[in-house]
2 protein chains.
Amino acid sequence: MSADADEQSFLADYDPRAFPPVAVTVDLAVLTVRDGQLCALLIRRGAHPYRGRWALPGGFVGAREDLDAAARRELAEETGLDGHAHLEQLASYGAPDRDPRMRVVSVAYLALAANLPRPVASTDAADARYWPVADLRDGEHPALAFDHDRILADGVERARAKLEYTSLATTFLEEPFTIAELRRVYEAVWGVELHPANFRRKVLSTPGLVVPTGEERATGRGWAELYTRGATTNLHPALLRPRPAA
Amino acid sequence: MSADADEQSFLADYDPRAFPPVAVTVDLAVLTVRDGQLCALLIRRGAHPYRGRWALPGGFVGAREDLDAAARRELAEETGLDGHAHLEQLASYGAPDRDPRMRVVSVAYLALAANLPRPVASTDAADARYWPVADLRDGEHPALAFDHDRILADGVERARAKLEYTSLATTFLEEPFTIAELRRVYEAVWGVELHPANFRRKVLSTPGLVVPTGEERATGRGWAELYTRGATTNLHPALLRPRPAA
DNA sequence: GTAATAGTGTCTATAAGACAGTATCCG
DNA sequence: CGGATACTGTCTTATAGACACTATTAC
């Protein structure tokens with residue numbers, strides 16, 4: 001009741017046996033674009049609970065490990081990522097019953113990477129592959145384990161939103177890339193068709209977004225100029241996705 | 001090494017004594033606008049560590065308590081908030097040494113509320129008051145306890161960004177309010193001056209953002225029309241803050 | 001009167017949506 | 001040839017920034 005009741009609860013925390021056991025994990029929503037579709041890396045669980053169900057990759061946070069470091073370690077373990085991928089914290093999920101075994105608070109991360117050849121089904125899981133998120137949404141495949149449907153949905157929405165005002169779309173591509181390839185990333189992530197001419201004008205009129213290499217690449221028909229990522233990370237004004245009618 | 005090494009680590013978690021003790025807390029960045037300044041609610045710590053330092057309000061997450069529920073409970077305890085305040089998860093902070101006593105992972109929340117008369121210095125802390133965030137930034141006052149400077153800075157930036165594309169600014173005001181009062185919220189949060197005429201046009205041209213009551217209020221000089229919050233929560237197009245030069 | 005504020009109207013620059021049109025290549 | 005793609009250019013509309021102007025009130 002006194003002014004340091006707050007402190008007493010902290011002191012209670014100080015005794016390892018005085019507070020309820022909680023595990024802290026990181027879960028990863030790893031997104032990439034494959035064959036024109038936004039895909040998420042999923043792991044098939046080999047044991048209970050949710051045995052046989054697909055789940056986001058993730059794992060325990062080490063005793064003296066930073067949250068970001070744990071996410072980076074898991075990303076490397078699950079994808080064998082060598083190049084630079086984007087990694088950012090997404091949100092935390094801690095419903096008391098989200099894991100039937102014990103109280104688990106999961107700090108979810110969002111990772112964006114260029115098309116990865118091998119899903120690395122070796123290390124930690126029974127199976128691993130990239131699933132188109134559109135298929136998962138349609139209920140065509142069973143729901144994910146735990147609350148991972150929700151986490152993945154939040155991650156996809158974060159990625160969709162960030163394409164509007166950042167240069168993150170370029171992290172889905174290997175350098176160098178063409179303007180049309182960049183446009184197809186936007187189209188895959190947003191699930192819409194964009195006007196090629198207007199998209200091109202918008203991208204090239206944003207200083208420092210992409211840097212022309214001077215090279216060209218033979219595409220399906222014709223030749224397309226090649227670009228690398230520029231220094232600009234924030235888009236002003238934004239490249240807004242088409243709204244579902246006004 | 002086998003396909004369920006992942007599972008083994010989960011089973012290890014299942015034994016409460018087999019994983020390192022971690023405490024999960026919620027910390028609140030409670031923002032309000034007082035006297036034209038964006039202010040944050042801070043609590044003066046009455047005990048070690050960081051005794052006497054100002055800190056964000058927060059506390060332990062109950063054994064079977066959801067994260068959001070813990071944040072709502074703490075907000076009610078610390079502010080005595082009766083009316084509707086906005087509350088959303090901000091991010092999680094889990095550097096291994098952020099609390100000298102033990103491993104603590106804090107899930108931070110951002111709360112926005114209308115001007116609150118009494119800081120409620122009674123319940124949990126030695127002292128409590130609203131501090132203008134501009135003063136804290138200038139280093140005019142000592143740094144906050146733990147990593148709360150960082151959390152508060154992240155919360156302020158989140159609030160600033162969300163004013164651009166949501167109707168959240170209205171949660172800083174009691175109804176009914178004038179367009180000028182709403183503008184002063186934007187000016188306080190962003191720390192800039194806005195053009196009154198253009199701001200008015202923008203707000204009134206966004207359908208459903210504010211609803212005229214038909215009443216008027218005597219202001220300093222003259223009469224101003226009164227409005228209440230509308231149903232629109234997302235602003236399209238956004239009300240972008242002035243950028244520090246192009 | 002002056003100073004400050006609420007509110008209206010207008011001009012201009014910018015940017016986006018729509019679309020015409022050329023050049024190139026594949027089949 | 002038709003069809004698809006890379007790329008250029010133009011027209012229209014919507015919006016934001018800047019600013020002129022009136023009305024009202026406090027002092």
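Quick note on labels: first sequence line is chain A, next is B, and so on, each numbered from 1.
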Considering every strand and a 4.0 Å limit on heavy-atom distances, what is the contact class for A:A180: base, sugar-phosphate, or nothing?
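Contact class for A:A180: sugar-phosphate only.
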How is B:R241 classified with respect to the nucleic acid when contacts are heavy atoms under 4.0 Å: base, sugar-phosphate, or nothing?
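Nothing, no nucleic acid heavy atom in range.
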Which comes earlier along DNA chain D counting from the 5' end, the contact point of B:W223 or that of A:A224, where each point is its nearest nucleotide?
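Its nearest nucleotide being more 5', the pick is A:A224.
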Between B:S205 and B:H195, name the one whose nearest nucleotide on DNA chain D is closer to the 5' end.
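Here B:S205 is the residue nearer the 5' end.
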Looking at [X], does any N or O in its side chain come under 4.0 Å of the phosphate oxygens OP1/OP2 on [N]?
X	N	answer
B:R184	C:dA6	yes
A:R183	D:dA6	yes
B:R200	C:dT8	yes
B:K202	D:dA16	yes
B:R217	D:dT25	no

Between [N] atom [atom2] and [X] atom [atom1], what is the distance in whole Å?
X	N	atom1	atom2	result
B:I179	C:dA6	CD1	C1'	11 Å
B:E216	C:dA6	CD	C1'	9 Å
A:L235	C:dA15	CG	C1'	14 Å
A:L204	D:dT8	CG	P	8 Å
A:F199	C:dA15	CZ	C1'	16 Å
B:N198	D:dA14	CG	C1'	15 Å
B:L194	C:dA6	CG	C1'	16 Å
B:Y186	D:dG17	OH	P	13 Å

Quick check on DNA chain C: between B:R201 and B:T178, whose nearest nucleotide comes earlier from the 5' end?
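It is B:T178 whose nearest nucleotide is closer to the 5' end.
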First encountered from the 5' end of DNA chain C, between A:A238 and B:A197
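So the residue in question is B:A197.
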Looking at A:Y109 and A:D68, would you say the former's side chain and the latter's main chain have a donor-acceptor pair under 3.5 Å?
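Judged by distance alone, yes, a pair lies under 3.5 Å.
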Is the backbone of B:T232 close enough, under 3.5 Å, to the side chain of B:S167 for a donor and an acceptor to pair up by distance?
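Between the backbone of B:T232 and the side chain of B:S167 there is a qualifying donor-acceptor contact (under 3.5 Å).
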Pair B:E164 + B:R158, salt bridge at N-O below 4.0 Å
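Salt bridge between B:E164 and B:R158, a charged N being under 4.0 Å from a carboxylate O: no.
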Quick one: do B:R229 and B:E174 make a salt bridge, cutoff under 4.0 Å?
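Looking at B:R229 and B:E174, the cut-off is not met.
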Candidate list B:L144, B:D149, B:I151, test side chain to side chain contact (heavy atoms under 4.5 Å, CB included), partner B:D147, passing option
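With B:D147 as partner, B:L144, B:D149, B:I151 yield a single side chain to side chain contact (heavy atoms under 4.5 Å, CB included), made by B:I151.
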